[in-house]
Number of protein chains: 2
Amino acid sequence: MEPKRRADVERNERALLDAAAKVFATSGVGATVREVAAAAGVGMGTLYRHFPTRADLMVAVYRHQIDACAEAGPALLAAAPTPFAALLDWIHLFVDFLATKHGVAKVWQGDAAGYTALHQLFLDRLVPVLSDLLHAATASGEVVADIKPYELIRAVGDLVAWTVQDPNYDVRRIVTLLITGLRQPQPERPAS
Amino acid sequence: MEPKRRADVERNERALLDAAAKVFATSGVGATVREVAAAAGVGMGTLYRHFPTRADLMVAVYRHQIDACAEAGPALLAAAPTPFAALLDWIHLFVDFLATKHGVAKVWQGDAAGYTALHQLFLDRLVPVLSDLLHAATASGEVVADIKPYELIRAVGDLVAWTVQDPNYDVRRIVTLLITGLRQPQPERPAS
DNA sequence: TGAAAAACGGAACAACGCTCCGTATGTTGA
DNA sequence: TCAACATACGGAGCGTTGTTCCGTTTTTCA
């Protein structure tokens, strides 16, 4: 099944992934492709042949961690005292993931050309997990607000995305506040 | 007191403001400075002498509307049945303002070089207003969560900032959810 | 009216993601 | 073992940003 790839492509791909992970961790996800290519000791052409777009590179780098987050969902649901607690725990796991990657913002936001791929991966992988958690918490009666998983994860993502170091702002508290709101019925929307 | 400005600077400044307002409304706030300069019929140099940075231009264009939003605060507080209702109304006013400007995102987010000025204007002008509303709603006992005005406006801004047309996502509902959460005490933060 | 002062226009710069193609290198059949 | 072919490589270069710089034009006022 394996189409027999040349030795150098294998080597370069690995070098690129390692370099990208290191560079993204150091200089933030906003690091330039040139920086990554240089760190890997390859040219731009090579980088782009392996990862046709900046986003593809990111996808490759973060795929593992996203998977881990997704897989933690069912585990938390089994372990936590109530489904709502599991939901809250999982959301915070997600927040931690996003928050530690300095500058995933531009990624989370799919609008800017080129970042869509990673955004999509986030959604494809995490929405189903959140969906289960949310339904469980609704079934248990803890969550009464009518909200779709997509809406919730997107909201949380938006909240965390642009977070930078700021002593006056603790995203986690805000996210908790949002989740807390799910336990209350929503008031009428005021006239705009 | 007026330092006696030349006639052409006055004329060009007006042309630039008008053009910018029109272009921002048409092509979104992300429109290029070149586009604005062209629309105003002036060169780049002129634009930059009047507005040393892209953000300064935006500040000039949106100042009125931000002021209007700020001034609506006390009025709503006086008119609404309860302080909490006023708070919710005002927040939605703010959301409407942000949401109608297609692409204020990059502006709200001060991190990207050049957009800081407008972000600062938002905060300087609106935080005090929100502060009053929030204190009133806390005093009336409706709001029990401990949250600072800056945290709240920033959260709402973050939620709205990247909003694009999306039938599956209604920001206003999410924001309402967040505000609703203010009426409940916050649970312990789960271990990260 | 004629300099001096002030403002103008737009070519040019740096940084970005991304493309292109001449060159080097790994693979394979004889 | 060794050509010759497919494949992959490197990095100069493109198009797009916001912004700067400076030779030229316009306005002002003695």
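Sequence lines set the chain letters: A, B, ... in the order given, protein chains first and strands last, and positions in each chain run from 1. As the structure is a prediction and not an experimental result, all values here were calculated from the model. Computed over heavy atoms, backbone and side chain alike; hydrogens, waters and symmetry mates excluded.
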For residues B:Pro128 and B:Leu123, report the shortest heavy-atom separation together with the two atoms involved.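 B:Pro128 and B:Leu123 have their closest heavy atoms at CD-O, 3.8 Å.
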Can you label the angle between the B:Phe24 ring and the B:Tyr62 ring as parallel, tilted or perpendicular, going by 30° and 60°? parallel
If you apply the rule side-chain contact (heavy atoms from CB on, under 4.5 Å), what do you find for A:Leu87 with A:Leu76, and how did you get there? CA-CA 8 Å; A:Leu87 172 66; A:Leu76 285 176; over 6 Å; no
Using the closest heavy atom to pick a nucleotide of DNA chain D for each, name whichever of B:Thr32 or B:Pro52 lands nearer the 5' end. B:Thr32
In chain order, what residues pass the salt bridge (Lys or Arg N to Asp or Glu O under 4.0 Å) check against A:Asp8, with sequence neighbours excluded? A:Arg6
Is B:Arg34 side chain donor-acceptor paired with the C:dG9 base, going by distance under 3.5 Å alone? no
Below 4.0 angstrom, N of the basic side chain to O of the carboxylate: do A:Glu142 and A:Arg183 qualify? no
Salt-bridge criterion met for A:Asp158 and A:Arg154 (N-O under 4.0 Å):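 A salt bridge links A:Asp158 with A:Arg154.
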Going by heavy atoms closer than 4.0 Å, what residues in residues 8-17 of chain B are next to DNA chain D?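 The answer is B:Asp8, B:Arg11.
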Residues from residues 40-51 of chain A lying under 4.0 Å of DNA chain D - heavy atoms: A:Gly41, A:Val42, A:Gly43, A:Met44, A:Gly45, A:Thr46, A:Arg49, A:His50
To the nearest Å, how far apart are B:Arg6 CZ and C:dA4 P? 16 Å
Compare all side-chain heavy atoms of B:Val42 with those of B:His50 and state whether any distance is below 4.5 angstrom.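 No; the side chains remain at least 4.5 Å from each other.
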Flag the pair A:Ile174 / A:Asp170 as yes when at least one side-chain heavy-atom distance between them is below 4.5 Å, and no otherwise.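 Side chain of A:Ile174 against side chain of A:Asp170, heavy atoms only: no contact under 4.5 Å found.
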Would one find a side-chain N or O of B:Thr53 under 4.0 angstrom from OP1 or OP2 of D:dG18? no
